[in-house]
Amino acid sequence: MAAADDMYPLFESFCSFGDRAGAQGAMMDGAKFAKCMRDCKALDRRVTPTEVDITFARVKSKGARKINFNQFLDALDQLAEVKYPTKTPEEATASLYAGMQKNGSPKVRATGTSTKGNIYDRLTDTSLYTGAHKHRFDSDGRGRGAAGRDVVSKGGIGG
């Protein structure tokens, strides 16, 4: 079973995640606390993102924007009671700690590049053209030039 002291490396990793200058002391804001719960798979039908936000607001000091490690543990205790209502508080906390330890470290979710191919290929694929533009190309996709236009301008203004 995971003890409270075993949670400190997890807490510290989420505190420093995304900070360019590194962690200025181990303090966690609400967004990182929510990310911690999401990445550690602590969310379920009972523990919702709203419940996580309310619990964070409940444990932080008045006027503060971040929580320390002891407040983090208090928040986990409160969420454990919500997540495991049939267990004793100690068993619930131990179960939550174990699940978080098993799943736990910050995960990067980047949008990355598209797997559907190059946008230039899609924009220049004449088989996808419709309407008036479709008639400007032959079956091989080569432009038909002046023959592909309804009216060919002879040059000059209005002519």
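What you see is a predicted model, and the numbers here were worked out from it, not measured in a lab.
- Atoms SG and NZ, from Cys15 and Lys32 in turn, are 7.0 Å apart once rounded to the nearest 0.5 Å.
- Residues passing the ring pair (Phe, Tyr, Trp, His ring centres under 6.0 Å) test with Tyr84, sequence neighbours excluded: none.
- Here the CG atom belonging to Leu76 is positioned 8.0 Å from the OG1 atom belonging to Thr93, to the nearest 0.5 angstrom.
- Residue pairs meeting the ring pair (Phe, Tyr, Trp, His ring centres under 6.0 Å) criterion with at least one member in residues 38-59, sequence neighbours excluded: Phe33-Phe56.
- A heavy-atom distance below 4.5 Å is found between the side chains of Leu73 and Phe69.
- Identified under the salt bridge (charged side-chain N to carboxylate O under 4.0 Å, His left out) test for residues 60-76, with sequence neighbours left out: none.
- At least one side-chain heavy atom of Tyr97 sits under 4.5 Å from a side-chain heavy atom of Asp77.
- Using a distance-only test at 3.5 Å, with no hydrogens or angles considered, a donor-acceptor pair links the side chain of Gln101 to the main chain of Asp6.
- Within the 4.5 Å cutoff, the side chain of Val47 has heavy atoms near those of the Val52 side chain.
- Judged by distance alone, the side chains of Gln71 and Ser61 do bring a donor and an acceptor atom under 3.5 Å apart.
- Closest heavy-atom contact between Leu96 and Ala42: CD1-CB, 4.0 Å.
- Counting only residues at least two apart or on different chains, the side chain to side chain donor-acceptor pair (under 3.5 Å) pairs with a member in residues 48-58 are Arg58-Gln78.
- The heavy-atom pair separating Ala26 from Tyr8 by the smallest distance is CB-OH, 3.4 Å.
- Residues forming a side chain to side chain donor-acceptor pair (under 3.5 Å) with Lys83 (at least two apart in sequence, or on another chain): Asp44.
- Take Thr88 and apply the side chain to side chain contact (heavy atoms under 4.5 Å, CB included) test, not counting sequence neighbours, and it matches Glu90, Glu91.
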Q. When you look at Met37 and Met100, which way does the side-chain contact (heavy atoms from CB on, under 4.5 Å) test go after all the steps?
A. CA-CA 8 Å; Met37 296 299 109; Met100 289 180 71; 3.4 Å; yes

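- Scanning both residues, Phe14 and Cys36, for their nearest heavy atoms gives CE2-CA, 3.4 Å.
- In this structure, Ala92 and Glu81 approach most closely via the heavy-atom pair CB-N, 4.4 Å.
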